[in-house]
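One structure below.
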Amino acid sequence: MRTEFILAAITAVNDAVLNSEAELESLDREIGDGDHFINLKRGCATLLAMREELAPLPPADVLQRIGMKLLSTIGGASGPLIATFFMTMAKVEKAGDISTLAEISAAFTASVEAIKQRGKANAGEKTMLDTLIPVANTFSSLTAVNAEPTQVFDAIQQAAEQGMLSTKDMIATKGRAAFLGERAIGHIDPGARSSQIIIHTITELAKQHQAA
Ligand code: ADP
Ligand code: MG
């Protein structure tokens, strides 16, 4: 993973989050407290402002600083979980360079595992994990058979979309939506949708970098 790619991803994700304001706000208003968009926007703005400070650093330090900063800026239930993701990516990167797609996939899987532990949640609970777990599974199974990068990115995008959509019919057992019981049915989970948007954005960027 290169620092330059992480910086490009910050800009792209910020744009994508800002473009999804209306949708993310209304999803969290329906089954949460309406702040998910604002939480993410604040996190993205903070990272954007850190770009110059991050640019000269090795990727492990960049990921670590991102994680620490997000822990104190995003807030809500999602803040510590997203921060945990980056801190675990940093730890894996520090232990050995993450450069091949298979290595990135292993780091991603470890980081999703860390979110599961931190939030004591698993697939099927109507959270961001319903996007992230299928992505981790698809990512590892395709890199294990040395699939072409474009095929890997396309399959990840599909898995993320299916996972996100699958939250619509679920009852939530974690997070604020758990208080709603059956009333949460029929609504997509905001964290599942934002994770899918972010994953879509980063895999599109990865495709462009690969073509360049
Ligand atoms: P809050 O719920 O505190 O208002 P946000 O609105 O920023 O925080 O984030 C809500 C999202 O966090 C939910 O849509 C869900 O995807 C995710 N979430 C909440 N609790 C958990 C958990 N224990 N594990 C994984 N994701 C969770
Ligand atoms: Mg909320």
Side-chain angles (χ1 to χ4, degrees), residues 10 13-48 66-89 107-139 156-157 159-202:
I10 290 175
V13 167
N14 178 63
D15 291 346
V17 167
L18 293 182
N19 284 332
S20 314
E21 171 168 5
E23 188 195 355
L24 290 177
E25 255 194 14
S26 83
L27 290 178
D28 198 34
R29 222 178 300 118
E30 280 155 5
I31 60 165
D33 57 355
D35 64 352
H36 188 57
F37 167 75
I38 291 289
N39 289 343
L40 291 180
K41 181 183 169 184
R42 195 168 49 238
C44 288
T46 309
L47 297 187
L48 267 187
I66 290 177
M68 306 263 281
K69 199 69 180 180
L70 292 182
L71 189 58
S72 60
T73 50
I74 297 190
S78 60
L81 299 173
I82 297 171
T84 296
F85 178 90
F86 284 101
M87 306 231 245
T88 309
M89 287 294 285
F108 184 87
T109 300
S111 305
V112 171
E113 202 53 46
I115 294 183
K116 285 162 73 175
Q117 284 179 18
R118 175 91 194 221
K120 299 187 174 53
N122 214 323
E125 300 201 81
K126 201 177 180 97
T127 72
M128 59 173 79
L129 288 168
D130 292 305
T131 297
L132 298 174
I133 293 172
V135 166
N137 293 341
T138 302
F139 203 175
I156 285 176
Q157 291 183 358
E161 177 148 359
Q162 268 177 27
M164 175 272 290
L165 290 173
S166 76
T167 63
K168 190 166 180 177
D169 299 325
M170 291 178 186
I171 291 178
T173 40
K174 289 284 167 0
R176 286 177 199 280
F179 298 113
L180 295 176
E182 301 221 328
R183 280 177 293 147
I185 294 179
H187 302 281
I188 288 169
D189 175 65
R193 173 66 171 138
S194 62
S195 305
Q196 182 259 325
I197 290 169
I198 294 168
I199 285 167
H200 184 89
T201 305
I202 295 176

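Both ligands and their constituent atoms are indexed starting at 1 by order of listing.
- The minimum heavy-atom distance between Arg118 and Pro80, with the atom names listed, is NH2-CB, 3.6 Å.
- Listed by first and then second residue, the side chain to side chain donor-acceptor pair (under 3.5 Å) pairs that reach into residues 37-46 are Asp35-Asn39, Asn39-Arg42, sequence neighbours excluded.
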One pair to check against side chain to side chain contact (heavy atoms under 4.5 Å, CB included): Met68 and Met87. What are the steps and the verdict?
CA-CA 7 Å; Met68 306 263 281; Met87 306 231 245; 4.2 Å; yes

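- The atoms of ligand 1 that sit less than 4.0 Å from any heavy atom of Gly175 are 19 (C), 20 (N).
- In the vicinity of Asp28, heavy-atom distances shorter than 4.0 Å reach the ligand 1 atoms 6 (O).
- Below 3.5 Å of separation, one finds an N or O of Gly191 facing an N or O of ligand 1.
- In this structure, the side-chain hydrogen bond (donor to acceptor under 3.5 Å, both in side chains) partners of Glu113, at least two apart in sequence or on a different chain, are Lys116.
- Formation of a donor-acceptor pair under 3.5 Å by the Thr167 side chain with backbone atoms of Asp189 is found in this model.
- Between Ser20 and Ala16, the shortest heavy-atom distance links the atoms OG-O, 2.7 Å.
- No heavy atom of Gly32 sits closer than 4.0 Å to any atom of ligand 1.
- Only the side chain of Asn39 comes within 4.0 Å of ligand 1, counting heavy atoms alone; its backbone N, CA, C and O stay farther away.
- Using a 4.0 Å cut-off to heavy atoms of Arg176, the atoms of ligand 1 that qualify are 1 (P), 2 (O), 3 (O), 4 (O).
- Ligand 1 has a nitrogen or oxygen under 3.5 angstrom from a nitrogen or oxygen of Asp35.
- At under 3.5 Å, a nitrogen or oxygen of Met128, whether backbone or side chain, sits near a nitrogen or oxygen of ligand 1.
- Considering both main-chain and side-chain atoms, Lys174 never comes within under 3.5 Å of ligand 1 through any nitrogen or oxygen pair.
- In this structure a side-chain-to-backbone donor-acceptor pair under 3.5 Å is present from Asp130 to Gly124.
- Polar contact with ligand 1: absent for Gly75 (N/O pair, distance under 3.5 Å).
- Close N/O approach between Gly76 and ligand 1 is not found [any backbone or side-chain N/O within under 3.5 Å].
- When you scan the N, O or S atoms of Asp28 for the one nearest the Mg ion (ligand 2), you land on OD2.
- Exactly one residue among Glu161, Glu23, His36 makes a side chain to side chain donor-acceptor pair (under 3.5 Å) with Arg193. That residue is Glu23.
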